[in-house]
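What you see below is based on every heavy atom in this structure, not just the backbone, and it leaves out hydrogens, waters and symmetry mates. Naming convention: chains lettered A, B, ... in sequence-line order (proteins, then strands); numbering from 1 in each chain.
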Amino acid sequence: GENVEQHPSTLSVQEGDSAVIKCTYSDSASNYFPWYKQELGKGPQLIIDIRSNVGEKKDQRIAVTLNKTAKHFSLHITETQPEDSAVYFCAASPHGAPLVFGKGTRLSVIA
Amino acid sequence: NAGVTQTPKFRILKIGQSMTLQCAQDMNHNYMYWYRQDPGMGLKLIYYSVGAGITDKGEVPNGYNVSRSTTEDFPLRLELAAPSQTSVYFCASSYPPSGGPNTEAFFGQGTRLTVV
């Protein structure tokens, strides 16, 4: 089955700097790659997703890139703000199967 | 709009006790999921359902049971609670499945379960 690896497990950045989180997946049939943000005491919430027919997608300060050949995808957050501090999860799904999640990255934005 | 509602939010169980975690969604989603979240381990799929009357095992189903008698509800049953089941449990729903259009999975707020 699908296996998703996520790095780093923790990340600290200064406010205004960029943050990058990377994930790799194992199943070449995976075609949907969402990113979720989880704030303390809450459930994960989708922030951006990308499908296998697209190489890059951007939404304001957040962007995701996908390299199907290398089976990896990344989340980029620019101009980080304290409210970006949270745990971020990447996930992958092969053709309608339930999402398989990475282990998460705890991002701390230091003011 | 309530979305996905989980009850209870917190529960302490003694070893060997049983309980049911409730999950309800009001978005008419066909697909529903149960995940457990352990520190540093991400979310692992316990069971999922593609529609009323249909359920299937995920990665870590042992010690749990589910049923799906209606589109809205997807309860998770723990029959003989064990310390290894101490975790945060999340229910989610989506329509249609991941990979198609409008595939966002919506999560509930979670149930924090401690087995002592």
Side-chain angles (χ1 to χ4, degrees), chain A residues 1-11 21 23-54 57 59 66 68 73 86-106, chain B residues 2-7 9-10 21 23 25 27 29-51 54-61 66 74 88-112:
Chain A
E2 176 63 275
N3 182 52
V4 178
E5 299 285 340
Q6 183 172 347
H7 299 280
S9 56
T10 60
L11 179 61
I21 303 170
C23 289
T24 61
Y25 62 98
S26 62
D27 191 341
S28 58
S30 286
N31 61 347
Y32 176 64
F33 307 93
W35 286 88
Y36 283 82
K37 177 182 181 182
Q38 185 179 29
E39 297 177 338
L40 193 63
K42 297 186 177 181
Q45 188 168 12
L46 181 73
I47 55 171
I48 195 168
D49 57 15
I50 192 168
R51 302 182 191 283
S52 57
N53 59 347
V54 176
K57 184 177 179 180
D59 183 4
L66 171 65
K68 287 176 55 181
F73 56 113
V87 179
Y88 291 81
F89 292 97
C90 63
S93 170
H95 291 297
L99 294 172
V100 176
F101 286 85
K103 292 184 177 181
T105 297
R106 182 175 299 278
Chain B
V4 178
T5 302
Q6 290 185 238
T7 55
K9 287 185 170 52
F10 304 94
L21 282 68
C23 175
Q25 53 91 9
M27 297 172 281
H29 286 168
N30 286 349
Y31 285 65
M32 296 188 73
Y33 315 86
W34 275 105
Y35 287 90
R36 61 177 286 172
Q37 182 177 28
D38 300 307
M41 297 301 293
L43 294 103
K44 291 188 180 295
L45 183 68
I46 304 171
Y47 271 96
Y48 67 102
S49 169
V50 301
I54 305 170
T55 63
D56 211 344
K57 295 179 180 179
E59 183 183 358
V60 289
V66 293
F74 189 40
V88 181
Y89 292 84
F90 287 100
C91 178
S93 71
S94 69
Y95 178 79
S98 300
N102 303 322
T103 56
E104 177 179 356
F106 293 83
F107 283 80
Q109 294 288 296
T111 295
R112 184 175 294 275

Problem - Side chain B/Y48, main chain A/A97, donor-acceptor under 3.5 Å - result: no
Residues at least two apart in sequence or cross-chain that pass ring-ring contact (aromatic ring centres under 6.0 Å, His included) with A/F33, listed by chain then number, are A/Y25, A/F73
Answer key: most heavy-atom pairs under 4.5 Å with chain A among B/A92, B/G40, B/G110 is B/G40
With sequence neighbours left out, the residues meeting salt bridge (charged side-chain N to carboxylate O under 4.0 Å, His left out) with B/K44 are B/E59
Under 4.5 Å to a heavy atom of chain A? For B/Q37 that would be side chain
Note: vs chain B, highest number of non-hydrogen pairs under 4.5 angstrom among A/R106, A/Q45, A/K103 is A/K103
Under 4.5 Å to a heavy atom of chain A? For B/L43 that would be both
Taken to the nearest 0.5 Å, the spacing of B/E104 CD from A/Y32 OH works out to 7.0 Å
Quiz prompt | Whether over 12 other heavy atoms sit under 6.0 Å from B/I54 CD1 | solution = yes
Closest non-hydrogen atoms of B/F90 and A/Q38, given as atom of the first, atom of the second and distance, are CZ-NE2, 3.2 Å
Looking only at A/P44, A/G1, A/G43, most heavy-atom pairs under 4.5 Å shared with chain B are made by A/P44
Heavy-atom side-chain proximity of A/L99 to B/Y33 below 4.5 angstrom: no
Honestly, the part of A/P34 sitting under 4.5 Å from a heavy atom of chain B is neither
Is the closest side-chain heavy-atom distance between B/Y35 and A/P98 below 4.5 Å? yes
